[in-house]
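The structure appears right after this line, and notes come after that.
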Amino acid sequence: MVLRFAPNPNGPMSLGHSRGVVINSEFARMHEGEVILRFDDTDTKRKPPSIKAYDTIAKEFEWITGRAPDRIVTASERMPLYLAHVIEDIEAERAYVCTCTAAEFKDLRDGKAPCPCRSLAATEHVERWGKMNDPKGGWQDGDAVVRIRTDLNLPNPALRDWPALRIQTTPHPMVGDTYRVWPLLDYQSAIEDHLQGVTHIVRGKDLMDSTRKQTLLYEMRGWTYPHTLYWGRVKVHEFGSFSTSAMRTDIEAGTYSGWDDPRLPTIAAFRSKGYAPEAIRSFWLEQGLTQKDIAVSMKTIESHNVKAIESSTPRYSFVQDPVSRRLEMNETWPSNCFNIPSHPDNASMGHRQWPAPKNGDLILLQASDLSANLRLKEFADATLTDNSATVENFDRSDRRQIVHWVLENHSKNAVILVVVDNKIEHRTGRIENCDIEIGQVVQLERIGFATLTQILEDGTPVFAYLHD
RNA sequence: GCUCGUGUAGUGUAGUUCGGUCCAUCAUGACGGACUCUCGAUCCGUCGACCCGGGUUCAAAUCCCGGCACGAGCACCA
C-alpha cells in the first residue's frame, strides 16, 4: 500500500493540510504501507513555490505524524520524466498541441465540437511541441497548451480534451528557467502516481474531476488508476480562510506578525500555542472520511488537546490584575518550606517550592476574586479587609471559595497574550517564581493552559493562551 | 446552466454495501448533580437526530421513485 500527501510548497501548512497528512499517514501505518511527501511545485506564477516551505513542510509533516515520510518527491526535480511522457502521448495521439485561446476552446468544448488543432497530424503536433519548448519559437505564456484527447461527448464538460501542460516563462525558484513548458496538476500527478506505484489516493472532494481526467489518461495508457477516497470541505467556526496565498498577503501587509501568529489557522501557530500533535491526529481521525462538508468548533479540537496534554502539564499560579494584602498570622506555618503539587493527580511530577508564608508578607490576589472570606489555595482560610488578609486556620474549615494567589516576594510580572475577536489582548499579572523553558506548556490554575513563547529583556515571561 | 457529490441530535461521528439484533452508537456541547484545596481533571444524570413526500415489504436510517437543501468542479491553480 502506497499513499501520498501532495501539497504545494507555496507556504507552510495550514490546519487543512494536516488532514491530508494525518489521513494518509495513518492509513499507511495501519496497513504497514508507505507514505510519500510530494511537492507539487509546477505553478511558477500564480502559486510561486517558497524555497523555505519545502523544508518547513517536511518538518511539519514529521511533527504531526511523529515520523518522517518514507519518500520525498519534488515535481520540479522530476520534470525530465514528465516531459518524456508528453512526447510519447503526442506521438501516440493521446495528446495534441492546441493554440486556441482559452475562451475559444471553452465555446467549442461546451458545444462538444473539436477545435481546429485537434485534427492535425501527429507529426505536426510533435513539431508544435518543439516550438512550445523553444524560447525562440515565438510562443509566449498562453499561446499554446497540450491537451489530452478525450471523447468530446463526455457528459461532464470539464473532462473534454483537458489541458495537461502550458508555457510558463516565469522562472522557478528551484530550477530557474531550465524548463519552459510545465505540466498542470492533473498531468504531473497522474504520471507521478504511476511512477511511484501509488495504490491509494485520499484527498479532498474538490479533486473529484481530477480523478476522472486522470483515469481517462490511465485507460489510454493501459495503467490502473489508484483506489481513490475523498473527504469533504471543512470550516472551523473561529477561523476565516485557510488559503495560503491570502494568509501570505495579510502577513506581508503586517496584519499578522508571521505564519505562527496565534490568530492564523497554520500548523506553525497551533504548534507554538502548545497544541500536541496527538490532538491534531485524533481530531482528524474522528472526522473520518465522510464526503460531507462540515463546520467544526475549535472547542472540538481543544477537547482533543486537553486529553493529550492534561496529565503531563505542570500547574502554576498566575494572578491577573493583582491587588496586595498583608498577611496577618497568629500561628506560624508548621514547616520551613511551603510545597504545592505540580499536578493534582500526578505526584510523580513533584512540587513547586515556595518560601513559607509568614506574618507581614504581602500576598497578591486577583481583583475579581476579592471577598470577605476566601480559601488561599493549598494554604489557609482567610478573612480579608481593605489591606490585610488574616489567617484563620490552615485546614479547610468550610466551603468558601478557593482562590489562587502568589507571594509578592516569590513572584514576578508576566504577560498572557489572549486572542479575542481576532485581536491579541495583553493581560498582565504576576506569576509565581518558576523555571520554565520557552515552548513549554503549563496550566495556569483557574485560568487555563498557556505556552511560554518568549522572555522579554527585563525577564518578564510572555505566554500565549491556549485554551481552558 | 451543465457535471459530480452529500444529507443521522447544537457540533462532529457510527450504522446505510448484504432491510430486522437501531424506540439508532460514541464524542463534544449545554444543563443539573457528586467529588476535588483550580473555573482543570474525574464520576453520575438530563437534553437532543435518521432532509421531505410517496412506494416496495410482515419489517426501511438502510431498497426504489420524486422533490428539496447544501457543497464541489466546469482555471493555460493546486
Side-chain angles (χ1 to χ4, degrees), chain A residues 6-10 17 39-47 49 75 98-103 105-106 109-110 141-147 154-160 162-168 181-186 188-189 203-213 230 232-235 237 243-245 282-283 285-304 306-307 309-311 313 315-318 340-341 343-346 369 375-381 394-396 399-404 443-449 467-468:
Chain A
N8 183 325
N10 63 333
H17 288 107
F39 294 111
D40 281 354
D41 58 345
T42 58
D43 186 330
T44 61
K45 193 173 180 182
R46 291 162 193 266
K47 295 185 177 176
C98 171
T99 57
C100 302
T101 66
F105 184 83
K106 185 181 191 308
R109 183 199 67 184
D110 289 349
D141 294 30
D143 287 348
V145 58
V146 177
R147 295 187 181 285
L154 287 168
N156 188 344
L159 273 38
R160 298 173 196 153
W162 54 271
L165 299 98
R166 79 305 209 189
I167 300 171
Q168 278 189 142
V181 181
W182 286 83
L184 289 146
L185 167 84
D186 293 313
Q188 178 270 131
S189 180
R203 58 184 169 193
K205 69 177 188 181
D206 50 315
L207 261 13
M208 276 181 162
D209 282 352
S210 194
T211 297
R212 297 179 184 109
K213 289 180 199 173
Y230 307 95
R233 296 292 278 192
V234 180
K235 276 183 190 146
H237 296 316
S243 155
T244 303
S245 17
S282 62
F283 167 71
L285 290 175
E286 181 176 85
Q287 306 313 312
L289 262 183
T290 157
Q291 288 186 35
K292 276 163 68 176
D293 303 317
I294 56 174
V296 296
S297 161
M298 271 307 294
K299 292 261 185 205
T300 305
I301 303 177
E302 288 171 1
S303 79
H304 282 275
V306 170
K307 283 189 177 64
I309 67 174
E310 196 275 332
S311 64
T313 304
R315 271 58 172 168
Y316 289 100
S317 186
F318 171 84
I340 307 171
H343 190 288
D345 313 312
N346 186 352
D369 281 338
R375 169 85 189 161
L376 301 175
K377 190 172 183 305
E378 309 283 353
F379 176 49
D381 290 348
F394 297 132
D395 291 330
R396 195 177 183 192
R399 307 211 58 176
R400 67 182 71 183
Q401 192 185 1
I402 298 164
V403 299
H404 62 292
Q443 191 191 107
L444 303 174
E445 285 172 331
R446 298 181 65 227
I447 294 172
F449 295 92
H467 49 67
D468 58 21

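In what follows, chains are A, B, ... by sequence order, proteins preceding strands, each numbered from 1. Not measured: the values here are computed from a predicted model.
- Within 4.0 Å of A/A6, counting heavy atoms only, lies no atom of the nucleic acid at all.
- Between A/F394 and A/F379, the angle of the ring planes lies from 30° to 60°, which puts this pair in the tilted group.
- The gap from the C1' atom of B/U56 to that of B/U3 amounts to 31 Å, rounded to the nearest Å.
- Across all strands, A/K299 comes closer than 4.0 Å to no nucleic acid atom at all (heavy-atom distances).
- In the interface, the side chain of A/Q287 is not paired with the base of B/U13 through any donor and acceptor atom under 3.5 Å apart.
- In this structure, B/A14 forms no base pair with any nucleotide, since neither Watson-Crick nor G-U wobble geometry is met with both distances under 3.5 Å.
- In this structure, a donor-acceptor pair under 3.5 Å is absent between the side chains of A/N8 and A/D41.
- In this entry B/C37 has no Watson-Crick or G-U wobble partner, no candidate having both defining distances under 3.5 Å.
- Rounded to whole Å, atom C1' of B/G12 lies 14 Å from atom CG of A/L289.
- Using a 4.0 Å heavy-atom cutoff across all strands shown, A/S210 reaches no nucleic acid atom at all.
- Of the nucleotides present, B/G20 is the one that pairs with B/C58 by Watson-Crick or G-U wobble criteria, both distances under 3.5 Å.
- Using a 4.0 Å cut-off, some side-chain N or O of A/R166 falls inside it from OP1 or OP2 of B/C77.
- Summarising the geometry, the separation between CD on A/Q168 and C1' on B/A78 is reported as 12 Å, rounded to the nearest angstrom.
- The two atoms that bring A/E310 and A/H343 nearest to each other are O-NE2, 3.1 Å, heavy atoms only.
- A/D206 comes within 4.0 angstrom of a nucleotide base, judged by non-hydrogen atoms across all strands.
- Nucleotide B/A30 has B/U46 as its partner under the Watson-Crick or G-U criteria, with both atom distances under 3.5 Å.
- Annotation: B/U42 and B/U36 have their C1' atoms spaced 9 Å apart (nearest Å).
- In this structure, A/L184 reaches the sugar-phosphate backbone alone: every heavy-atom distance under 4.0 Å involves primed, P, OP1 or OP2 atoms, never a base.
- Distances were taken from every side-chain heavy atom of A/P163 (C-beta onward) to each of B/C37, B/C76, B/G7; the shortest belongs to B/C76.
- Neither side chain, A/H404 nor A/S317, offers a donor N or O lying under 3.5 Å from an acceptor on the other.
- Among the nucleotides B/U13, B/C37, B/C77, the one closest to the side chain of A/R46 is B/C77.
- Using a 4.0 Å heavy-atom cutoff across all strands shown, A/S317 reaches no nucleic acid atom at all.
- Base pairing of B/G66: its partner is B/C52, meeting the Watson-Crick or G-U wobble criterion (both donor-acceptor distances under 3.5 Å).
- The base of B/C37 has none of its N or O atoms less than 3.5 Å from a complementary donor or acceptor on the side chain of A/R396.
- Across all non-hydrogen atoms, the minimal contact from A/L159 to A/L154 is CB-CD1, 3.8 Å.
- In this structure, the nucleotide among B/A78, B/A75, B/G5 sitting nearest to the side chain of A/L207 is B/A78.
- Across all strands shown, A/G142 has heavy atoms under 4.0 Å from base atoms, whether or not it also approaches the sugar-phosphate.
- Heavy atoms of A/D369 sit under 4.0 angstrom from at least one base atom.
- Backbone-only contact: A/D43 has heavy atoms under 4.0 Å from sugar-phosphate atoms and none from a base.
- Cation-pi geometry between A/R147 and A/F105 is satisfied (NZ or CZ under 6.0 Å from the ring centre, within 45° of the ring normal).
- Nucleic acid contact for A/E286: sugar-phosphate only, since backbone atoms but no base atoms lie under 4.0 Å from a heavy atom of the residue.
- Within 4.0 Å of A/P344, counting heavy atoms only, lies at least one base atom of the nucleic acid.
- For the pair A/K213 and A/D209, the salt-bridge criterion is not met [side-chain N within less than 4.0 Å of a carboxylate O].
- With B/G5, B/G12, B/C37 as the choices, the nucleotide that has an atom nearest any side-chain atom of A/V296 turns out to be B/G12.
- A/I294 comes within 4.0 angstrom of the backbone, heavy atoms only, and of no base.
- Using the Watson-Crick or G-U wobble rule with both distances under 3.5 Å, B/G1 pairs with B/C74.
- Heavy atoms of A/R212 sit under 4.0 angstrom from primed sugar atoms or phosphate atoms, though from no base atom.
- Between B/U28, B/A78, B/C76, one nucleotide has an atom nearer to the side chain of A/V145 than all others, and that is B/C76.
- Taking only side-chain nitrogens and oxygens, A/S297 never comes nearer than 4.0 Å to OP1 or OP2 of B/U28.
- For A/K307, the listed nucleotide lying nearest its side chain is B/A27; candidates were B/A27, B/G5, B/U38.
- Of all heavy-atom pairs between A/L185 and A/L207, the closest is CD2-CD1, 4.4 Å.
- Among the atoms of the strands shown, none is found under 4.0 Å from any heavy atom of A/K45.
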